[in-house]
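For reference, the structure discussed in these notes is given below.
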Number of protein chains: 2
Amino acid sequence: MGNSDKSVVSRLRKLIGEGHYPSGERLGEVAVAEQLGVSRTPVRLAFRTLEQEGLLQRAGKRGFMVREFTEADVHCAVEVRGVLEGLAARRLAEHGLSGALEAELQVWIQRGRDLLAKGYLEERDVDVWSELNRHFHEAIVGSAGSPVIGDAIARNNHLPFAAADSIIIDSEALDREYRKLQLAQVQHELVVQALRHGEGARAEMLMREHAFIGLRYGELLGLGSGRGQAED
Amino acid sequence: MGNSDKSVVSRLRKLIGEGHYPSGERLGEVAVAEQLGVSRTPVRLAFRTLEQEGLLQRAGKRGFMVREFTEADVHCAVEVRGVLEGLAARRLAEHGLSGALEAELQVWIQRGRDLLAKGYLEERDVDVWSELNRHFHEAIVGSAGSPVIGDAIARNNHLPFAAADSIIIDSEALDREYRKLQLAQVQHELVVQALRHGEGARAEMLMREHAFIGLRYGELLGLGSGRGQAED
DNA sequence: GATGTTGTATTTGGATCCAAAGTAAAGGTC
DNA sequence: GACCTTTACTTTGGATCCAAATACAACATC
């Protein structure tokens, strides 16, 4: 069993994310199937999954079409992630964070410090940051007491530009991105501080603000565009 | 084309919601297919949809199992809905609500007033409230500027007890439920008031608190259980 | 007697076939 | 010439068939 089902979903997700299919275009099952070299069956299964993820939407009575995202959609998706991660952080602060979790968060904090300690950013640092950032966020969301919040965030992250690790805009302008990551690092540390002191409201607001870092901090720091580009 | 696909999804959703399948039980495709009187194909499609909705989860390498929900999951799902509807309300307040929307919200407010004016609750009032409540929430969420928030709420509502219209606990104790609906009505009116005056933070908090009405208000009002029962 | 291995049965994934619904096009009528 | 009707084609949904993988069990070996 080649288990091409999962593969078809991720391949289609990638193709759509890369804009390979124009927004609003109807996707025919046969066309996609031939293009991917599989039968119609796995494509049909994948379409249902991608519909639930929000990347496809039903085109009337006739199949699916690529969902088009406006500027407002991107902005909303970022805010949704913000309030959900904020919720997770607040619950964590209110229920008290375990010593183990505090230790783990401290690890990612330290990794961030080490990464930024040298005062500039290298090409390969981007992946390192992306990793530790992902771990940091997953550690908080995963400890919120229920997988429900994490699931909601995961579904939201399927939307383009909504994921937490789509911060990096331009790997050419690493010197300018450095300041942004510095701010992100400070926000991470402040979140942990708030969590440690059981300051639920503060932790929540910090996480909500932290979500905007890839969206609104560009204009603030005088970077080119305020709008981020996904980088996976 | 009988379009049994959609039908299978909703039938399975209902069966799972009613606890027809024990939590954690593995669901075989053939068994479900025979039970529903259809082929394996629509069942396979439905399983993928229900997996994304969070009602099923993969059972190792072999098929799916009914996801089990703890008390904490239910609580989290309600909070998730709260923060998302709160986000929608805040955005609405910040961007200013149109005259048309204000008029529509006023309609549902008035319907609620009319329903509760007679001082008690009848059996058939439950459906009426459920309808106007749904319209009220959909009007706010649908006007938040992007379908992204509404989608996230819709996905969250697939979880049992998370939907906004699962307020009614017991249609036998209508006199006690009346007080709960009175509070809900007041909260609706306060939300509209806040929206009208552009009080984003207040609208957000009111919506967040409003989400708890089916969860925590029971104990407050001296009702039997604090935990709601879905009623669709 | 316990553990590892092999063989069989069950079950899922993929491909193909058939039917039905929808769409588009062509033709006819007013 | 415009609009309605009918027909043909495209496309999706459902059922069945086949292959592959996993799980279970029986057997053999240490």
Side-chain angles (χ1 to χ4, degrees), chain A residues 1-16 19-68 151 154-155 158, chain B residues 1-16 20-68 147 151 154-155 158:
Chain A
M1 241 179 333
N3 205 358
S4 158
D5 178 22
K6 264 281 186 186
S7 163
V8 169
V9 173
S10 46
R11 274 201 287 170
L12 268 177
R13 209 184 282 148
K14 188 176 179 183
L15 285 173
I16 294 172
H20 194 277
Y21 300 109
S23 286
E25 177 167 312
R26 272 198 54 244
L27 283 187
E29 293 178 357
V30 278
V32 174
E34 286 176 7
Q35 195 168 344
L36 270 63
V38 292
S39 166
R40 264 184 61 216
T41 308
V43 175
R44 286 172 66 185
L45 293 170
F47 276 10
R48 299 315 191 287
T49 299
L50 293 172
E51 180 199 12
Q52 289 297 320
E53 288 185 359
L55 270 72
L56 296 184
Q57 58 185 12
R58 292 204 122 88
K61 297 279 184 181
R62 200 76 168 278
F64 295 88
M65 56 188 286
V66 180
R67 176 159 172 194
E68 32 197 349
D151 290 351
R155 286 192 291 258
H158 286 131
Chain B
M1 243 183 327
N3 207 356
S4 159
D5 177 22
K6 264 282 185 187
S7 163
V8 169
V9 173
S10 47
R11 275 202 286 171
L12 268 177
R13 209 185 283 147
K14 188 175 179 183
L15 285 173
I16 295 172
H20 193 276
Y21 301 109
S23 286
E25 176 167 312
R26 270 198 58 246
L27 283 187
E29 293 178 357
V30 279
V32 174
E34 286 176 7
Q35 195 167 341
L36 269 65
V38 291
S39 164
R40 263 184 61 218
T41 308
V43 174
R44 285 172 68 185
L45 294 170
F47 277 10
R48 299 313 191 288
T49 299
L50 293 172
E51 180 200 13
Q52 288 297 319
E53 288 186 359
L55 271 71
L56 296 183
Q57 58 185 11
R58 293 205 121 89
K61 296 279 187 179
R62 200 76 169 276
F64 295 88
M65 55 187 288
V66 180
R67 176 160 171 193
E68 31 198 349
D151 289 350
R155 285 192 293 256
H158 286 131

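Below, read A as the first sequence line, B as the second, and so on, with proteins coming before strands; counting in each chain starts at 1.
Formation of a donor-acceptor pair under 3.5 Å by the A:Arg62 side chain with backbone atoms of A:Arg26 is not found in this model.
B:Leu15 has its side chain within reach of B:Leu36: a pair of non-hydrogen atoms, C-beta onward, lies under 4.5 Å apart.
Atom CG of B:Leu50 and atom CZ of B:Arg67 lie 12.5 Å apart (nearest 0.5 Å).
Nearer the 5' end of DNA chain C, as judged by each residue's closest nucleotide, is the contact made by B:Arg26, out of B:Arg26 and B:Thr41.
Straight-line distance from the CG atom of A:Leu36 to the P atom of C:dG14: 12 Å, rounded to whole Å. What separates CZ of A:Arg44 from C1' of C:dT16 is a distance of 12 Å, to the nearest Å. We find that CZ of B:Arg48 is positioned 16 Å from C1' of D:dG13, with the value rounded to whole Å. The CD-C1' distance, from B:Glu51 to C:dT12, rounds to 14 Å in whole Å. If you take NZ of A:Lys61 and P of D:dT10, they are 23 Å apart, rounded to a whole angstrom. Taking atom CD of B:Glu29 as the reference point, atom C1' of D:dA21 lies 14 Å away to the nearest angstrom. Taking atom CD of residue A:Glu34 and atom P of nucleotide D:dT10, one finds them 13 Å apart after rounding to whole Å. Nucleotide D:dG13 holds its P atom 8 Å from the CG atom of B:Leu45, rounded to whole Å.
Phosphate proximity of C:dG14 to A:Ser39: absent, as no side-chain N or O sits under 4.0 Å from OP1 or OP2.
Closest to the side chain of B:Pro42, from the set D:dA15, C:dG13, D:dG13, is D:dA15. For A:Arg40, taking side-chain heavy atoms from C-beta onward, the closest of the listed nucleotides D:dG13, D:dA15, C:dT12 is D:dG13. In this structure, of C:dG22, C:dG13, C:dG14, it is C:dG13 that holds the atom nearest to the side chain of B:Arg58.
For A:Arg44, there are no side chain to side chain donor-acceptor pair (under 3.5 Å) partners at least two apart in sequence or on another chain.
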